[in-house]
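All figures in this text were calculated on a predicted structure; none of them were measured in a lab. Numbered from 1 within each chain, the chains take letters A, B, ... in sequence-line order.
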Amino acid sequence: MKETYEFKDIEKKWQDKWKKDDAFKTVEDPDKKKYYVLEMFPYPSGKLHMGHVRNYSIGDVIARFKKMDGYNVLHPMGFDSFGLPAENAAIKNGIAPAIWTWSNIHEMEEQLTELGLSYDWDREVCTCHEDTYKWMQWIFIQFYKKGLAYKKENPVNWCPSCETVLANEQVVDGCCERCGSQVSKKNLSQWYLKITDYADRLLENIDTKLDGWPNKVKVMQKNWIGKSTGAEIDFKIKDSDVVLTVYTTRCDTLFGTSYMVLAPENPYVEQFVKGTEFEKDAMEYIDHCKHLSEIERTSTSKEKTGVFIGKYAINPLTNAEIPIYISDYVLMDYGTGAVMGVPAHDERDFDFAKKFNLPIIPVVDPEDPEIDVNNLKEVCSAKGKLINSGEFNGMYYEEAQAKIIERLEKEGVGKATTNFRLRDWLISRQRYWGTPIPMINCPDCGWVPEKEENLPVLLPTDIEFTGKGASPIASSKTFIDTVCPCCGKPAKREIDTMDTFLDSSWYFLRYCDPKNKEEVFSKEKADYWMDVDQYIGGVEHAILHLLYARFFTMALHDLGLVDVEEPFKNLLTQGMVNKDGKKMSKSLGNVVSPAEIIEKYGADTARLFILFAAPPERELDWSDKGVEGSYRFLNRVYRLIYDFKDKYGDVVDAPSIKTSADKKLNYMLNTSIKKVRDDVGGRFAFNTAISSIMELVNEMYRYKELPDMDLGLYAKAVKELIIILAPFTPHICEEMWEYMGGTSSVCDESWPDYDEQALVKDEVEIVVQLNGKVKEKISIANNLTKEELEKIALEDENVKKLLDGKNVIKVIAVPNRLVNIVVK
RNA sequence: GCCGGCGUGGCGGAAUUGGCAGACGCGCAGGAUUCAAAAUCCUGUGGCAGCAAUGUCGUGUGGGUUCGACCCCCACCGCCGGCACCA
């Protein structure tokens with residue numbers, strides 16, 4: 001070890017050694033308790049950013065700590081390497097997506113290595129590798145066989161300028177992410193996964209199985225699934241055999257229905273208006289809606305629009321005839337695509353009724369003297385008792401709901417039901433750089449899956465990337481034509497690829513057995529490692545990725561492939577890394593690249609700062625001065641160790657604790673060991689863990705100057721300091737450990753035990769308060785009883801003076817803490 | 001609009017179960033060392049009044065519960081995030 005902290009040499013030296021020794025290789029060991037720590041794998045953009053550094057530093061500290069604490073730790077890394085940027089690069093620069101992606105992966109592997117992260121690289125999973133996507137296709141086929149995958153025609157996002165389909169994520173504020181054109185809708189036949197089959201289970205498990213998840217994420221998922229309970233009610237149509245069913249959550253307001261609205265896409269509309277005087281207006285309106293962008297269609301602020309279609313519906317309970325309209329505020333893919341309009345008690349219906357001069361019938365009395373129910377100026381959403389509702393008058397709305405459903409069911413014109421906001425998952429992408437959907441369309445047999453022994457269906461390479469046309473794979477001369485796996489006749493392959501969110505929905509299972517050629521993963525290995533004990537990633541994945549991964553794990557569980565039903569036991573959502581209070585971005589020019597920090601201060605400093613500057617869940621503001629502070633601290637530790645060995649040589653750590661200074665150092669040492677264990681292993685407060693190590697170092701600096709310092713105790717502190725700092729800054733600690741005579745890696749050391757006795761102070765400082773205000777501090781023996789405390793406090797000379805002329809009403813004593821004297 | 005979170009010195013943050021508010025770090029000030037600087041080490045550092053001892057105010061605002069509140073309850077203000085014509 002050199003006299004000065006040469007972080008570059010040190011970090012290179014230990015990274016090479018870890019690699020040479022396979023230091024982080026993990027094998028299943030049924031005799032050891034397992035711990036699976038996982039960070040969300042990155043998209044290989046080519047450059048690591050600070051968000052990655054934060055994510056992986058957190059994971060690495062946990063992984064290294066758990067290993068030292070005796071667990072068999074699985075800590076893998078890989079790349080979510082299918083996706084659009086590779087294809088855009090191909091369109092722009094003519095580089096093949098595979099070449100672009102693999103070169104980025106290799107760059108990022110290097111940068112991850114330079115951070116000193118303890119990954120078992122033998123388990124790397126890249127989703128764009130054929131050995132991985134083969135099993136993605138296999139899973140898709142199992143889902144298809146189980147009825148979880150199906151194809152249907154649906155409107156999709158279409159960019160008229162790029163002439164291509166866009167994923168929802170590529171539509172930013174209603175415009176194409178690439179060219180900025182307004183996105184419109186186009187009907188295309190698409191593959192879907194039936195995530196809605198799992199809606200109830202996904203919802204229920206949130207409360208029963210996700211204790212280790214942040215509440216915020218659980219609430220977001222609940223809202224996203226959006227379960228609502230209500231009723232379906234059948235309305236007969238006048239002069240027609242058709243019965244239209246509406247969905248409502250407020251069946252108690254049925255008597256207040258003054259019109260019905262259908263979604264413009266409702267298939268009955270055309271039938272109703274055909275050949276009537278209403279046909280022209282209705283068809284024009286439907287056409288108008290088709291051309292509306294998603295934002296225009298769903299904007300709550302715009303004025304209501306709609307058209308009367310000439311038909312009347314009959315209220316099943318009142319027999320009232322109500323006009324039927326179409327309006328774009330009713331969505332075809334939620335509920336039944338038909339809504340009963342109750343203007344008095346629904347804001348949207350109120351707006352619509354005002355615009356079209358429809359009756360506003362109050363049926364729930366809010367019993368508010370300030371509201372005139374017979375002349376509503378605005379919608380009345382307050383709950384109360386029913387009025388104008390026949391036999392249900394006087395009932396509280398909740399009771400009325402139950403009674404109305406009862407009657408509807410008895411008469412066979414309605415039923416209680418539930419609806420979900422969650423829709424089925426559209427997974428087709430008219431894209432090249434993704435997993436090919438392994439389906440074949442045969443003129444005789446229809447859609448059939450490719451034979452499993454023929455997997456993988458490889459991505460073709462004879463592709464022209466133009467950015468135009470529906471799907472790049474259509475330009476391949478070798479891919480499309482094939483034979484039907486059922487009848488052997490000529491057939492055509494699906495040319496769409498899968499949404500990349502599928503790849504990230506099971507990669508954590510593949511890590512358990514990444515090289516398996518025979519199976520997607522061995523059940524035995526997956527059951528040993530799963531579930532993930534600690535998952536770490538950005539909160540931006542709170543809904544989609546985390547919900548999809550839960551869905552996949554449940555479905556794979558139901559297929560008998562793995563025992564667990566939920567993939568992630570504990571979830572930590574790390575906050576963003578900002579600069580000057582703003583998100584780091586190229587346009588603001590405030591990006592700090594990890595590479596420049598590693599170059600200037602080294603990976604250990606970068607890791608230490610990022611963990612110290614803020615608790616992991618909170619946003620972190622990058623501070624150049626703060627980084628220097630972390631660097632200064634590591635130098636301070638380095639000097640402490642160097643000077644110790646330089647001055648005293650090899651010292652046996654045989655502490656003898658005599659003086660109060662010895663006791664204090666021993667106390668600090670043991671407190672730190674305990675605190676770092678609690679903070680890192682329990683509540684992920686890396687910032688306070690580090691601050692307690694800093695306090696220990698400060699105390700050691702004081703202690704070493706004392707003439708009667710105990711060398712054996714000091715040696716023990718030095719040794720244990722290196723160990724507890726190692727998970728945070730592994731390179732410098734390896735170097736110091738070796739210097740101190742360690743023969744193996746400090747990562748293989750056991751976490752030191754702390755001495756309970758050392759944590760007990762002989763004397764404690766207690767506070768004496770007068771009416772809750774601190775007046776005096778006295779040092780007394782530890783663990784005195786309330787009575788003893790009270791006596792000591794009241795007999796204290798200063799306290800006596802303070803009490804002079806006052807009446808003591810009450811004394812509260814809390815052992816080892818305080819005495820509060822209440823006086824008048 | 002609905003749902004969730006946050007609000008503490010000049011700054012990042014700490015206070016784990018209702019018990020000394022401001023740990024640790026940054027910054028700043030002073031000192032030691034140095035020919036000088038950098039680096040390093042030491043000391044101080046919430047506001048106000050005071051030479052000081054000390055007093056007093058203080059965790060977004062207003063109220064409440066309690067011997068005692070950053071922490072619990074009620075009302076409000078501000079900021080951030082998610083969802084949003086889902087009937």
Side-chain angles (χ1 to χ4, degrees), chain A residues 4 214-224 226-228 230 246-251 253 261 263 297-302 304 327-331 333-342 345-349 351-352 381 419-423 539-540 542-543 575-576 581 608-609 612-615 617-630 632-633 635-636 639 675 678-679 682-683 685 687-698 701-702 705 765-777 809-814 816-823:
Chain A
T4 54
N215 191 47
K216 178 191 170 121
V217 175
K218 292 199 278 189
V219 169
M220 280 165 78
Q221 290 214 350
K222 278 186 193 173
N223 292 342
W224 187 261
K227 183 173 182 169
S228 86
V246 301
Y247 173 72
T248 179
T249 54
R250 291 294 305 275
C251 68
T253 63
V261 219
R297 169 89 189 240
T298 56
S299 159
T300 48
S301 54
K302 83 170 181 182
K304 292 282 176 288
S327 174
D328 63 356
Y329 84 86
V330 178
L331 310 172
D333 60 350
Y334 183 78
T336 59
V339 169
M340 60 184 215
V342 186
H345 305 293
D346 181 280
E347 194 179 342
R348 296 150 301 183
D349 297 349
D351 293 345
F352 193 84
S381 40
N419 257 302
F420 292 94
R421 212 192 71 99
L422 184 70
R423 311 293 153 89
V539 74
E540 66 274 16
I543 297 173
M576 283 207 305
L608 187 72
F609 168 72
F612 178 61
E617 305 225 68
R618 230 188 281 188
E619 286 191 347
L620 182 153
D621 205 67
W622 188 266
S623 150
D624 294 333
K625 291 286 185 192
V627 178
E628 279 174 34
S630 294
R632 207 150 41 218
F633 171 72
N635 272 290
R636 199 165 142 84
R639 270 195 310 276
K675 179 142 182 74
D678 292 347
D679 285 356
R683 55 179 207 138
N687 54 334
T688 53
I690 293 166
S691 80
S692 107
I693 297 176
M694 286 173 169
E695 284 180 84
L696 172 63
V697 170
N698 290 344
Y701 262 84
R702 276 190 288 272
E705 298 305 321
E765 192 178 60
I766 67 146
V767 165
V768 183
Q769 297 180 331
L770 226 63
N771 291 339
K773 293 198 175 184
V774 180
K775 293 290 172 187
E776 184 76 9
K777 293 178 182 181
I809 294 169
K810 194 174 173 183
V811 180
I812 293 111
V814 182
N816 291 345
R817 281 198 198 274
L818 55 75
V819 178
N820 188 13
I821 305 165
V822 186
V823 294

Closest-nucleotide 5' rank along RNA chain B - winner of A/Ser630 and A/Thr248: A/Ser630
RNA chain B: 5'-proximal contact among A/Asp346 and A/Glu619 (nearest heavy atom): A/Glu619
Presence of A/Arg817 side-chain N/O under 4.0 Å of B/G68 phosphate oxygens OP1/OP2: no
Presence of A/Asn698 side-chain N/O under 4.0 Å of B/G25 phosphate oxygens OP1/OP2: yes
Span that lies between the C1' atom of B/A14 and that of B/U66, in whole angstrom: 25 Å
Syn/anti state for B/G25 [syn: chi within 90° of 0]: anti
P-based separation of B/U17 from B/C71 [nearest Å]: 15 Å
Residue-phosphate contact under 4.0 Å: A/Arg618 side-chain N/O, B/A14 OP1/OP2: yes
Any A/Asn771 side-chain N or O less than 4.0 Å from OP1/OP2 of B/G68: no
B/C80 to B/G27 separation - C1' atoms, rounded to the nearest Å: 27 Å
Whether A/Tyr329 side chain and A/Phe352 backbone form a donor-acceptor pair below 3.5 Å: no
Sugar-phosphate, base or nothing in reach of A/Asp328, heavy atoms under 4.0 Å: base
Given B/C85, B/G55, B/C67, the nucleotide with the shortest approach to the side chain of A/Ile812: B/C67
Donor-acceptor pair present, A/Asn223 side chain and B/C83 base, under 3.5 Å: no
d(OH, A/Tyr247; P, B/C85) in whole Å: 16 Å
Side-chain N,O (A/Ser228) to OP1/OP2 (B/A87) below 4.0 Å: yes
Interatomic distance at P, B/C51 relative to B/G19, whole Å: 38 Å
Span that lies between the C1' atom of B/G82 and that of B/C28, in whole angstrom: 41 Å
Short side-chain N/O contact from A/Arg683 to OP1 or OP2 of B/A15, under 4.0 Å: yes
Below 4.0 Å: OP1/OP2 of B/C67 and any side-chain N or O of A/Lys810: yes
B/G13 and B/C24, which share atom name C1', separated by this distance in whole Å: 9 Å
A/Lys777 (side chain) and B/C20 (base): donor-acceptor pair under 3.5 Å: yes
C1' atoms of B/C20 and B/G12, separation to the nearest Å: 24 Å
Donor/acceptor link under 3.5 angstrom from A/Lys304 side chain onto base of B/C85: yes
Check against side chain to side chain contact (heavy atoms under 4.5 Å, CB included), A/Arg423 and A/Asp333: CA-CA 8 Å; A/Arg423 311 293 153 89; A/Asp333 60 350; 2.9 Å; yes
Touch class at under 4.0 angstrom, heavy-atom based, for A/Val342 against every strand present: nothing
N or O in side chain of A/Tyr329 less than 4.0 angstrom from B/A87 OP1/OP2: no
Contact under 4.0 Å: A/Arg636 side-chain N or O vs B/C24 OP1/OP2: no
Rounded distance in Å between the C1' positions of B/G4 and B/G58: 30 Å
Assigned partner base of B/A75, Watson-Crick or wobble definition, under 3.5 Å: B/U61
Touch class at under 4.0 angstrom, heavy-atom based, for A/Arg702 against every strand present: nothing
